[in-house]
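Take a look at the structure below.
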Amino acid sequence: MNIKKLFITCCVLYTSALYADPVVKVNLRFKAMIIDRSCTVSSESQNINVALGRWGTKNMTDIGDQTRPISFIINLSDCSATNVSLSFKGQKDLSNPQLLALSNESTAGNVAIQILDQDRKLLPLETSTRPIIVGSSKNLQLSFFANYIATRKNVTAGTADSIANFVLNYD
């Protein structure tokens with residue numbers, strides 16, 4: 001009879017321990033994407049500064065007036081993908097969401113940055129380039145252009161900076 005009481009007592013104690021609230025609760029969230037094909041972004045393409053120059057407001061009086069496009073290059077190496085496309089992400093301009101808005105710290109007004117593909121055609125934000133075939137060298141040099149564009153009449157002078165990130169897509 002003592003063994004039976006001991007067994008019942010142990011069961012009651014063990015059951016209450018199973019349902020007790022833990023002293024510390026930890027919530028973990030994991031997010032990842034596993035891919036089998038990729039490219040390495042070269043070190044000179046990881047932090048690109050594109051100097052768009054100094055431009056007079058007298059040259060940007062009407063909506064759509066633009067400065068001269070300035071080229072920049074993104075170099076990729078060790079590509080194991082067959083095709084690569086690229087898109088840019090950043091804060092969208094309120095007047096035209098295809099354009100990159102100036103940073104909140106910028107003091108210029110009524111102007112945005114447009115990103116152009118290698119053919120100097122507008123590449124809207126979050127829109128991928130056409131797929132580019134990776135050759136036998138496994139290296140790619142992707143050419144783009146950027147310039148200022150007036151989004152409203154009478155651009156105001158000041159600093160006109162912005163930040164964009166690029167996203168690689170693989171086929």
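Residues Ser85 and Thr129 bring no donor and acceptor atom of their side chains to less than 3.5 Å of each other.
Side-chain atoms of Ser143 and Ile73, non-hydrogen and from C-beta on, do get closer than 4.5 Å to each other. At least one side-chain heavy atom of Ser95 sits less than 4.5 Å from a side-chain heavy atom of Arg152. The closest side-chain heavy-atom distance from Glu44 to Asn75 is below 4.5 Å. A 4.5 Å side-chain heavy-atom check between Val167 and Asn169 finds at least one atom pair inside the cut-off. For the pair Gln114 and Asn147, the minimum side-chain heavy-atom distance is below 4.5 Å. In this structure, Phe145 and Ile70 have side chains that are not in contact, with every pair of non-hydrogen atoms separated by 4.5 Å or more.
For Phe88, the ring pair (Phe, Tyr, Trp, His ring centres under 6.0 Å) partners two or more places apart in sequence, or in a different chain, are Phe144.
In the hydrophobic clustering of this structure, Ile48 groups with Leu102; members are Ile, Leu, Val, Met, Phe, Trp, Tyr whose side-chain heavy atoms approach within less than 4.5 Å, directly or through other members. Transitive grouping of hydrophobic side chains (ILVMFWY, heavy atoms separated by less than 4.5 Å) brings Val155 and Trp55 into a common cluster. A continuous path of Ile, Leu, Val, Met, Phe, Trp and Tyr side chains, each step under 4.5 Å between heavy atoms, connects Leu100 with Leu123, placing both in one hydrophobic cluster. Grouping the Ile, Leu, Val, Met, Phe, Trp and Tyr side chains by contacts below 4.5 angstrom, directly or via other members, places Leu116 apart from Ile74.
Among all heavy-atom pairs drawn from Cys39 and Leu76, the shortest one is CB-CB, 4.1 Å. Across every non-hydrogen atom of Leu99 and Leu125, the tightest pair is O-CD1, 3.3 Å. The two residues Gln98 and Leu122 have their closest heavy-atom pair at OE1-CD2, 3.4 Å.
Panel note: side chain Asp119, backbone Lys121; no donor-acceptor pair is recorded below 3.5 Å.
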Query raised in the report: Can you list the steps and then say if Asp78 with Lys138 is a side chain to side chain contact (heavy atoms under 4.5 Å, CB included)?
Result: CA-CA 5 Å; Asp78 300 322; Lys138 304 293 183 191; 5.6 Å; no

**Report entry** Criterion side chain to side chain contact (heavy atoms under 4.5 Å, CB included) on Asn110 and Met60, from CA distance to verdict
**Finding:** CA-CA 10 Å; Asn110 302 334; Met60 300 183 76; over 6 Å; no

